[in-house]
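To keep things clear, I will list the structure first and then write my remarks on it.
Just so we're on the same page: letters track the sequence lines, and every chain starts at 1.
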Number of protein chains: 2
Amino acid sequence: MTQMPPNPPALPDAPLVAGPEAMLCFNLYAASHAFIRLYTPHLERLQLTYPQFLVLLSLKDADGQGVGSLGAALGMETNTLSPLLKRMTTAGLITRIRSQEDERRVVVALTEAGRARAEQAAELPGCIARDSGMSEQSYWQTLETLHLLRAQIDTAAQKQKGGV
Amino acid sequence: MTQMPPNPPALPDAPLVAGPEAMLCFNLYAASHAFIRLYTPHLERLQLTYPQFLVLLSLKDADGQGVGSLGAALGMETNTLSPLLKRMTTAGLITRIRSQEDERRVVVALTEAGRARAEQAAELPGCIARDSGMSEQSYWQTLETLHLLRAQIDTAAQKQKGGV
DNA sequence: TGAAAATAAATCGCGCGCGACTTAATCACA
DNA sequence: TGTGATTAAGTCGCGCGCGATTTATTTTCA
């Protein structure tokens with residue numbers, strides 16, 4: 001019923017864009033990578049990659065998770081996380097210990113050094129946001145838009161998997 | 001002056017999220033990957049990866065570009081594009097020809113098969129959007145939000161590079 | 001003119017993403 | 001109780017992203 005792409009927005013000052021620029025998915029793709037590039041110099045100082053930074057922040061809020069629940073929180077599969085966590089273990093940031101009561105599970109926890117690094121990492125988003133000069137209102141509005149969008153994508157993914 | 005992250009939105013029905021969920025960059029990251037996963041089954045039918053899909057659409061609108069300008073349009077570096085374009089050449093979708101008047105430049109153009117594939121690929125965004133059930137208004141509003149966000153990220157990147 | 005600077009593309013190495021598959025432990029229930 | 005299904009994590013292979021470097025061509029200007 002609700003159709004979409006072609007047709008530029010019927011608004012007065014509509015930007016005359018076409019191709020990838022008119023697609024949500026490309027704009028998400030481009031914005032995500034550009035944002036990560038903005039983080040990169042700060043992350044290098046902390047000796048972290050962007051996905052490692054996300055794992056660190058996630059553990060800071062919920063230490064002692066299993067690999068699967070960590071992946072669910074960050075939208076990563078175990079085939080991404082397993083090698084990544086191995087590298088973070090080598091770097092001395094986390095420990096991975098087989099659970100006693102269920103030997104299939106591996107519990108991931110921050111080391112002392114990991115928690116310290118996480119504290120430093122937690123400063124970055126505010127620091128970047130401040131530098132960007134974005135207004136607080138616009139920040140939270142954009143955040144809400146993205147939450148809604150993610151919910152719609154998840155719904156569509158469910159429908160797709162259900163094969164209706 | 002304008003500070004940001006911690007502090008949940010001071011709105012009545014503010015979602016009580018913390019950690020990565022409260023960060024713009026993570027929501028962009030998660031939304032982008034989730035959206036690409038939505039595209040993947042359709043792209044497989046067209047024997048394309050997502051970045052190849054973007055290149056194809058970009059060439060459909062502006063054939064005969066150089067590698068650099070293609071990269072500028074899509075936010076990719078030549079070290080990403082060069083191998084990708086080589087694979088697309090092997091697949092018979094594009095041609096890469098050294099420019100006569102400036103032998104540094106390589107002109108990328110669609111083959112017949114490439115143009116046909118691009119036509120098919122151009123159907124996907126509308127198809128996906130229709131399936132998602134998103135309203136047309138919400139689509140264009142989200143698009144504008146993302147364009148504004150990308151502009152702010154670009155501005156911040158400029159400032160960062162300028163080293164102020 | 002010719003040597004240094006700038007530009008365009010490619011190559012290399014490493015860390016993700018992710019589809020496909022494997023291994024190992026637990027669960028379900030006939 | 002045991003055997004098949006399920007679940008959790010890991011391995012493998014390939015295609016990006018991207019920092020660092022290289023090669024080749026053109027531009028600049030002393």
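Rounded to an integer number of Å, the gap from A:Tyr39 OH to D:dC18 P is 16 Å. Atom CD in B:Glu77 sits about 15 Å away from atom P in C:dT7, given to the nearest Å. With rounding to whole Å, A:Gln47 atom CD is found 12 Å from C:dG15 atom P. Between B:Gln65 atom CD and C:dA8 atom C1' there is a gap of 15 Å when expressed in whole angstrom units. If you take CZ of A:Phe35 and C1' of D:dC18, they are 19 Å apart, rounded to a whole angstrom. In this structure, the CE atom of B:Met76 is 15 Å from the P atom of D:dG15, given to the nearest Å. Taking atom CD of residue A:Glu101 and atom P of nucleotide D:dA8, one finds them 14 Å apart after rounding to whole Å. Look at CZ on A:Arg45: it is 15 Å from P on D:dG19, rounded to the nearest Å.
Residue B:Lys86 has its side chain nearest to C:dT11 when only C:dT11, C:dA10, D:dC18 are considered. Listed nucleotides: D:dG10, C:dA10, C:dA25. Nearest to the side chain of A:Asp102: C:dA25. The side chain of A:Arg104 has D:dT7 as its nearest neighbour among D:dG19, D:dT7, C:dA9. With D:dA9, D:dG15, C:dA9 as the choices, the nucleotide that has an atom nearest any side-chain atom of B:Thr49 turns out to be D:dG15. Considering only the side chain of B:Arg98, C:dA9 comes nearest among D:dA9, C:dG19, C:dA9. Between C:dC16, D:dG15, C:dC18, one nucleotide has an atom nearer to the side chain of B:Arg87 than all others, and that is D:dG15. For B:Pro51, counting side-chain heavy atoms from C-beta on, the closest listed nucleotide (D:dG17, D:dG15, D:dG10) is D:dG17. Side-chain proximity of B:Val67 to C:dA10, D:dT6, C:dG19: nearest is C:dA10. Relative to the side chain of B:Arg96, the nucleotides C:dA10, C:dG15, D:dG17 differ in distance, and C:dA10 lies closest.
Close to C:dA25, at under 4.0 Å from its OP1 or OP2, lies no side-chain N or O of A:Arg105. At least one side-chain nitrogen or oxygen of B:Tyr29 sits closer than 4.0 Å to the OP1 or OP2 atom of C:dG17. Phosphate contact (OP1/OP2 of C:dG17, side-chain N/O of A:Thr80, threshold under 4.0 Å): absent.
B:Leu43 and B:Met76 end up in the same hydrophobic cluster when Ile, Leu, Val, Met, Phe, Trp and Tyr side chains are linked at under 4.5 Å.
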Determine whether B:Val55 and B:Leu81 satisfy the following criterion, side-chain contact (heavy atoms from CB on, under 4.5 Å), listing intermediate values before the conclusion. CA-CA 9 Å; B:Val55 165; B:Leu81 277 175; 4.0 Å; yes
Given the rule in the side-chain contact (heavy atoms from CB on, under 4.5 Å) test, do A:Arg37 and B:Gln160 qualify, once you have shown the distances and angles that lead to the verdict? CA-CA 11 Å; A:Arg37 284 192 284 269; B:Gln160 193 178 73; over 6 Å; no
Candidate pair A:Leu24 and B:Tyr139, rule side-chain contact (heavy atoms from CB on, under 4.5 Å), full reasoning: CA-CA 8 Å; A:Leu24 284 187; B:Tyr139 184 95; 3.6 Å; yes
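The CD1 atom of A:Ile128 sits 8.0 Å away from atom SG of B:Cys25, with the distance rounded to the nearest 0.5 Å.
Each of A:Ala34 and A:Ser82 was matched to the nucleotide of DNA chain D holding its nearest heavy atom; the match closer to the 5' end belongs to A:Ser82. Residue whose closest nucleotide on DNA chain C sits further toward the 5' end, between A:Gln100 and A:Tyr50: A:Tyr50.
The residue A:Leu84 sits close only to the backbone: its heavy atoms come under 4.0 Å of sugar-phosphate atoms, none of a base. As judged by a 4.0 angstrom heavy-atom cut-off over every strand, A:Asn79 is placed among the base-contacting residues.
Every pair passing salt bridge (Lys or Arg N to Asp or Glu O under 4.0 Å) that includes a residue from residues 57-73 of chain B is listed here, sequence neighbours excluded: B:Asp63-B:Arg115.
Taking only distance into account, the side chain of B:Thr78 meets the base of C:dA10 through a donor-acceptor pair shorter than 3.5 Å.
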